[in-house]
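Presented below is the structure to which this report refers.
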Amino acid sequence: MSDQHAFVPADFDVPLGLEGDGFRLEPLGEEHNARDLAAWGGSIAHVRATPGFQGWDWPPAEGMSARDNLRDLARHAADFAARRGFTYTVLGGEGGEGSDEVIGCLYIYPAKEEPGRVRVRSWVRADRAALDAPLYEAVSGWLREAWPFEGERIDYAPR
């Protein structure tokens with residue numbers, strides 16, 4: 001992919017995280033497998049009802065095996081490393097008890113159907129639903145301030 005068509009410029013330093021009120025982001029990786037699977041697997045209906053996920057077939061209603069989830073996480077990590085897309089796990093707490101608990105996920109990818117647009121989606125577990133709007137607000141500001149995307153080119157369903 002040429003730099004002209006790259007998702008982010010070659011000289012852009014991709015942020016490795018974000019600290020928010022009651023959550024923090026870090027790149028999603030295979031080490032999150034069991035916690036990630038438990039997070040979305042216990043909140044399938046809630047995730048599917050989250051703005052940006054309505055009408056999608058993810059997460060699968062029947063769930064997913066740990067092996068299949070691991071493959072999915074490996075794909076997201078490979079995309080991150082290749083700068084094709086950026087997936088972050090949402091962890092609960094701010095360094096205290098429960099700070100490594102997976103409570104959601106954030107996806108930043110180019111929109112397939114509209115080149116030049118950015119598709120952003122996030123979800124939190126049903127038992128952390130109160131964090132959905134604060135996560136949306138924090139990520140929206142982060143995208144404007146720390147990322148090279150033009151605001152009007154970002155598709156992120158409001159909360």
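We're numbering straight along the sequence, starting at 1.
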Exercise. If you look at every heavy atom in R125 and S43, which pair is closest and at what distance?
Worked result: CA-OG, 3.5 Å

Exercise. Would you call P60 and W40 a side-chain contact if the rule is heavy atoms closer than 4.5 Å?
Worked result: yes

For this session: For the pair R153 (side chain) and G116 (backbone), establish whether a donor and an acceptor sit closer than 3.5 Å, ignoring hydrogens and angles.
Result: yes

For this session: Please report the C-alpha distance between E113 and R119 in whole Å, then the side-chain angles of each, then the deciding distance to 0.1 Å, and finally whether the side-chain contact (heavy atoms from CB on, under 4.5 Å) criterion is met.
Result: CA-CA 10 Å; E113 59 284 343; R119 177 178 295 278; 2.7 Å; yes

Exercise. Do you know which two heavy atoms are closest between P110 and R84, and how far apart they sit?
Worked result: CD-O, 3.2 Å

Exercise. Mind checking whether Y109 and H76 have parallel, tilted or perpendicular rings, split at 30° and 60°?
Worked result: perpendicular

Exercise. With side chains defined as the heavy atoms from C-beta onward, is the minimum distance between W147 and I108 less than 4.5 Å?
Worked result: yes

For this session: Group every Ile, Leu, Val, Met, Phe, Trp and Tyr by side-chain heavy-atom contacts under 4.5 Å, then state whether W58 and L73 land in the same group.
Result: no

Exercise. With side chains defined as the heavy atoms from C-beta onward, is the minimum distance between L106 and F86 less than 4.5 Å?
Worked result: no

Exercise. When you look at L16 and F80, which way does the side-chain contact (heavy atoms from CB on, under 4.5 Å) test go after all the steps?
Worked result: CA-CA 10 Å; L16 296 180; F80 200 108; 4.2 Å; yes

Problem set entry | E31 to R35 - nearest heavy-atom pair and separation | O-NH2, 3.3 Å

Exercise. Can you hop from Y156 to L28 via hydrophobic side chains spaced under 4.5 Å?
Worked result: no

Exercise. Would L143 and V124 show up in the same hydrophobic cluster when neighbours are defined by side-chain heavy atoms closer than 4.5 Å?
Worked result: yes

Exercise. When rounded to the nearest 0.5 angstrom, what distance separates CZ in F23 from CD1 in I103?
Worked result: 8.0 Å

Problem set entry | Nearest non-hydrogen partners of T87 and C105, listed with the distance | CG2-SG, 3.6 Å

For this session: Carefully, step by step, assess V118 and F7 under the rule side-chain contact (heavy atoms from CB on, under 4.5 Å).
Result: CA-CA 9 Å; V118 179; F7 185 40; 3.9 Å; yes

For this session: Give the cluster check for F53 versus I154: same hydrophobic cluster or not, with ILVMFWY residues linked at side-chain heavy-atom distances below 4.5 Å.
Result: no

Problem set entry | Any P59 side-chain heavy atom under 4.5 Å of V47 side chain | yes

For this session: Start with the C-alpha gap between F12 and R83, add the side-chain angles, then the distance that decides, and say whether side-chain contact (heavy atoms from CB on, under 4.5 Å) holds.
Result: CA-CA 10 Å; F12 174 67; R83 301 165 66 91; 3.8 Å; yes

Exercise. Would you call the rings of W142 and Y88 parallel, tilted or perpendicular, where under 30° means parallel and over 60° means perpendicular?
Worked result: perpendicular

Exercise. Between V90 and L25, is any pair of side-chain heavy atoms under 4.5 Å apart?
Worked result: yes

Problem set entry | Approximate separation, where rounding is to 0.5 Å, of E26 CD and D100 CG | 7.0 Å

Exercise. To the nearest 0.5 Å, how far apart are CG in N33 and CG in L70?
Worked result: 4.5 Å

Problem set entry | Interatomic distance, R75 atom CZ to E30 atom CD [nearest 0.5 angstrom] | 12.5 Å

Seminar exercise, completed: Between the CZ atom in R144 and the CZ atom in F149, the distance rounded to the nearest 0.5 Å is 14.0 Å

Exercise. Are the side chains of D132 and W123 in touch, meaning some heavy atoms are under 4.5 Å apart?
Worked result: no

For this session: Would you check if there is a donor-acceptor pair between the side chains of S140 and R159 at a distance under 3.5 Å?
Result: no

For this session: Of all the heavy-atom pairs spanning D68 and S65, show the shortest one and how long it is.
Result: N-OG, 3.0 Å

Problem set entry | Six-ring centre of Y107, R121 cation under 6.0 angstrom, axis tolerance 45° | yes

Exercise. Got a donor-acceptor contact below 3.5 angstrom from the R71 side chain to the A66 backbone?
Worked result: no

Problem set entry | Closest non-hydrogen atom pair between V8 and P148, with its separation | CG1-CG, 4.2 Å

Exercise. Taking side chain as C-beta onward, heavy atoms only, is N69 less than 4.5 Å from D36?
Worked result: yes

Exercise. So how far is it from L18 CG to R24 CZ, rounded to the nearest 0.5 Å?
Worked result: 11.5 Å

